[in-house]
Amino acid sequence: MPELSVLVFLPAVAAAAILLLPKPMEQNAKWVALAAASAMLALSVQMFFAFDLDGEGYQFVERHEWVDIGQFNLQYFLGVDGLSMPLVLLTTCLTVASVLVSFSVTVRPRAYFACLMLLASSVVGVFVALDFLLFFLFWELELFPMFLLIAVWGSGRKEYSATKFVLYTIAGSAFMLVGILVLAFNAGTFDIEVLGQTEFSNTLIPLGWVFFFLFIGFAVKLPIVPLHTWLPDAHGDAPTAVSVMLAGVLLKMGGYGIIRMCVTMMPDVAADWDIWFAAIGAISVLYGAFITLRQTDVKRLIAYSSVSHMGLVLLGIGALGDTGLTGAAYQMLAHGLITGMLFFMVGLMYERTHPRETSRLGGLARQMPLITTGMVFAGFGSLGLPAMAGFIAEVTVFLGAFERFEWAVLASIVGVVLSAGYVLWMLQRVVFGPVKHEWDGVTDAHHWWEHTVVVGLVALVILLGVYPAIMMDMLEPAIDSIMVRVES
Amino acid sequence: MNGIDLVGPQFAVLATAGIVLLVDGLMPQQRRYLPIIALLGLAVSALWTLSWAGRGDYQEAFGGTLALDKYAVFFYFLFAGITATVVLASIDWVNREGRGQGEYYALLLTTCGGLMFLSAARDLITIFLALELSSIPQYILAGWGKDKKSSEAGLKYLLLGAIASALLLYGMALLYGLTGTTMLTEISASLEATGEQYRSLLVLSAVLLIAGFGFKMAVVPFQMWVPDVYQGAPTPVAAFLSVGSKAAAFAVVTRIFFEALGAEFLSDDWSMIFAIIAAVSMTLGNLMAVVQTDIKRMLGYSSVAQAGTFMIGLAAISVTGDEFTLGGSGVLLFTASYAFTNLGAFVAIIAISQKIDSDQIKDYAGMWKRSPLLALGLAFCLVSLTGIPPTAGFWAKLYIFNAGVRADLLWLVIVGVLNSVISGYYYLSVARQMFLGEAEDGKSFSTSPSIAVALGATTLGVLIFGIIPMPLISAAENAVEALRTVS
């Protein structure tokens, strides 16, 4: 069975099916979406266990000729390795979560769920595409549903934020496309596997520039300071499910791209620039943390904390070693689950109370104990409490980077300390403190779908925190093969 | 192939033009069937072309003045498709206008016949005749509307068109004087033998030819008529002008410059001329399009910019080696994808402007809520014009940029890429207006079936060729291969 094609196109088909629902049945769109998302999850879990941990290279490969232009072939080439498989699984988990979160959406539900499904389709596509142009197609395709999701179903300055998000990404991907084309012209192929083994020389523009172009494209997505300013706007104004997807998987596309493309294809340049990676990473961690401390809007607060956390990914990559890269990959998974969960809890709260300014909230632990518990849990995950996924990731990154960039690690540790500050302070302002009677009537999480997501995410965060081997065993062989290339 | 079979596709179209006129004159109460007759005629023409292609019997006809090759077949299909879409898009407008229905469709069909001749012509005199056959009906069509603006458009188009024809004739006369023949292949042979001594005169005649056809292609500096005529002419006619005559001009220029003026000592010169025109057209067209507030004027300027992008392919034609195929087939691919896309955009605009009686971009605000299908179709076509995947426009741009890079025109490709970014700004701002703007008059409206079919067919084409571009790419490559082999 072509598992990966099914994984990519099932949600797209579901999107079409949802759009074709007659108007009287439009409230059933969510069920179609849930069915598709669950099927994706089931399929990816099955693939996860069928994945051969000792296997070399890519698995579940599908390869067909697609377009033949001039001297190079484009292929429909899909496959996963130990790096992308966990990210695919993360995507399917969070897709189910975001469909469930959206059960309360009643405005234009058909268009909404169709966009959500299209988003899932394109993100999975990004992680499994092994033809660089196909990768780019999926990368761009994701913008369309994201733009609509934020601009139509968002809140606040939603159009401004959606446009900003799209403009930043398009500007980055214009650079990226130039980089892709230069590499492809040089190697005569778009095949990511081949490009990852080619020694480039005599490129149309110097290889350092190519690297920089690709890096810009990915770094906007990650995001790094100073290319991060779209993130708080997009997060602040996006509906909950979209925040979950954005923080949970879309940012990971950037980290994945840097590891898979920049580092693997041009390891020499990466080695020359590693100190910059570490520096930008540390700056992102610190700057992100400081800015987070100042935020009064809960969603923007979490958004800025993402900048800080994704800085760790870059730091881990900059270490250019087994441990550092593994840590970076693990941090992507951990952050996806934990921050996804934080946005989910804030979304539940927002749905019931509406203001997001910390000054208007407070004492909600009394009115909504379950949501509070979830939020405290996710908050602890975010500040890196041991036994949760984030702790493992942070420690691995620090171990990997310490030897080479002691200063960057020390700076980042300050950032982690600050994260305890902003998380606890946020919890104190929002859920603890004196009870506000303004919120007396609000309900706690009481729908089955809300419970499902909370329980599921808690279980995953703890699983990755106490039994990291389940992912590490998969990540390590993939990272090793990248390291073979880097060290040679 | 012999007898009438040689000009079958044109014959079908032109005979249908006659039938349409007869039906219009003799059975006025049956007028509502006129567009159907026109469509049937176009279908017969396409089937006729298909049967040629099926027989694989390619040859020259009428003493070598027409080349019935895959190249011609490619354009026969394209023109039949373009005309059919325009007929579909015109029905509402013509019914509303109420007068001269038969003449309108007959003129459209005549133009189509002329365009087909143009793409097959291999002799300077035939080329000129075919050009006039396709142009004169278009002058009339541009002035078809009742208002002053339309008359102005018709007159402007006629006067400037006459000047262009004069320049073209002058260039052809020079070429004839230097070589003593009007047949493209013989011109080529004569140039190879003795042409080098007249190089400067040959360059002059190339410049005159480019000027004459540049008017039809609407490239800078021959673009002055474009915005006024697009704005003034009835919208279906503007749609036709923007794709039909442009495609034919590129078809014939590609053929002339390869088959007649391909001599090595000359090709560098005209390649440079094309490259410069391409760069200037893209840049000026896009910059002017950015500031437009009328969507038809905007599309007018954008079509100038698009023509500049086509021209990268012409500049990339260097006769030796594989690159020729890339540049030439790039032009064909871009022509086809542009035709689908621009027609789709125009069809949507026709439908919208009939309902809201305005061509101002600001009046497109909130179109998504008023007519979701039109808004989606238009937005999709604009995305394709920008060159964003998954659309036909993306592959066309990629292909033509690839051709440019292979032909050592990296600077031109960089100009092209930067221009794509500029064009994205104004194309997508229309889309933004439609999806996010608030309509003053929020009434939703429906679309007539003919418009829906036209829009559906074009956008579906853009999407399908955006996902599976290979059939179109191979058709374009085969067509250009034919230029090399049949001689």
Side-chain angles (χ1 to χ4, degrees), chain A residues 9 12 19 64-74 76 108 110-111 114 118 121-122 125 133-144 147-148 150-152 154 157-163 166-167 169-171 173-175 177-178 180-182 184-186 188 190 203-205 213, chain B residues 316 322-323 325-327 329-330 333 368-369 372-373 376 379-380 383 386-391 394-408 410-411 413-414 417-418 420-422 424-425 428-429 431-433 435-438 465-474 476-477:
Chain A
F9 291 106
L19 284 178
H64 305 284
E65 291 303 315
W66 179 31
V67 180
D68 186 4
I69 289 183
Q71 280 84 342
F72 39 64
N73 295 323
L74 302 180
Y76 176 76
R108 289 174 168 257
R110 285 176 299 179
L118 207 56
S121 177
S122 51
L133 207 75
L134 189 63
F135 170 89
F136 186 73
L137 290 184
F138 284 123
W139 181 279
E140 294 284 294
L141 188 63
E142 153 266 320
L143 290 178
F144 179 67
F147 177 78
L148 287 182
I150 299 177
V152 178
R157 289 198 300 172
K158 51 191 183 178
E159 284 156 23
Y160 167 83
S161 301
T163 311
V166 169
L167 283 182
T169 311
I170 284 195
S173 45
F175 282 106
L177 184 60
V178 176
I180 293 176
L181 290 181
V182 172
F185 276 125
N186 195 261
F190 282 99
T203 40
L204 228 40
I205 51 178
F213 284 173
Chain B
D322 281 344
E323 279 77 8
T325 330
L326 277 184
S329 48
L333 185 64
W368 189 40
K369 289 184 186 130
L373 275 183
L376 266 183
F380 189 67
V383 164
T386 317
I388 297 174
T391 57
F394 168 73
W395 295 109
K397 264 198 182 154
L398 185 71
Y399 196 99
I400 218 156
F401 286 164
N402 177 29
V405 172
R406 302 272 172 203
D408 286 331
L410 187 63
W411 67 271
V413 172
I414 292 174
V417 172
L418 291 177
S420 298
V421 179
I422 303 179
Y425 171 76
L428 299 182
S429 69
R432 193 169 154 272
Q433 195 58 274
F435 283 95
L436 302 178
E438 278 303 322
F465 287 124
I467 296 171
I468 318 168
M470 225 32 224
L472 196 62
I473 292 176
S474 353
E477 282 176 350

Does any heavy atom of chain B fall under 4.5 Å from the side chain of [X], the backbone, both, or neither of them?
| X | result |
| --- | --- |
| A:Tyr76 | neither |
| A:Leu133 | side chain |
| A:Val166 | neither |
| A:Leu177 | neither |

Open item on the list: Taking the side chain as everything from C-beta on, heavy atoms only, tell me whether B:Phe435 gets closer than 4.5 Å to A:Val152.
Closed with: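 SC-SC contact between B:Phe435 and A:Val152 ruled out.
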
Task: B:Trp395 (side chain) donor-acceptor with A:Val67 (main chain) under 3.5 angstrom - done: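 Side chain of B:Trp395 to backbone of A:Val67: no pair is present.
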
- [ ] Against chain A, label B:Val405 side chain, backbone, both or neither, depending on which of its atoms sit under 4.5 Å from a heavy atom there.
- [x]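 For B:Val405, the contact with chain A is made by the side chain alone.
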
Open item on the list: If the condition is ring-ring contact (aromatic ring centres under 6.0 Å, His included), which residues does B:Phe394 pass it with, not counting sequence neighbours?
Closed with: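 With neighbours one apart ignored, the set is empty.
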
- [ ] Please say whether more than 12 non-hydrogen atoms of neighbouring residues, nucleotides or ligands are located less than 6.0 Å from CZ in A:Phe213.
- [x]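 Yes - once you tally the heavy atoms of other residues, nucleotides and ligands closer than 6.0 Å, there are more than 12.
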
Open item on the list: Tell me whether the count of non-hydrogen atoms from other residues, nucleotides or ligands lying under 6.0 Å of CZ in A:Phe185 goes above 12.
Closed with: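 More than 12 within 6.0 Å, yes.
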
Task: Minimum heavy-atom distance between A:Trp66 and B:Met470, given as atom pair plus value - done: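 The answer is O-CG, 3.6 Å.
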
Task: Stepwise side chain to side chain contact (heavy atoms under 4.5 Å, CB included) check, B:Leu398 with A:Leu181 - done: CA-CA 10 Å; B:Leu398 185 71; A:Leu181 290 181; 3.8 Å; yes

- [ ] Rounded to the nearest 0.5 Å, what's the gap from CD1 on B:Ile414 to CD1 on A:Ile205? Could you check?
- [x]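 Between B:Ile414 CD1 and A:Ile205 CD1, I get 7.5 Å after rounding to 0.5 Å.
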
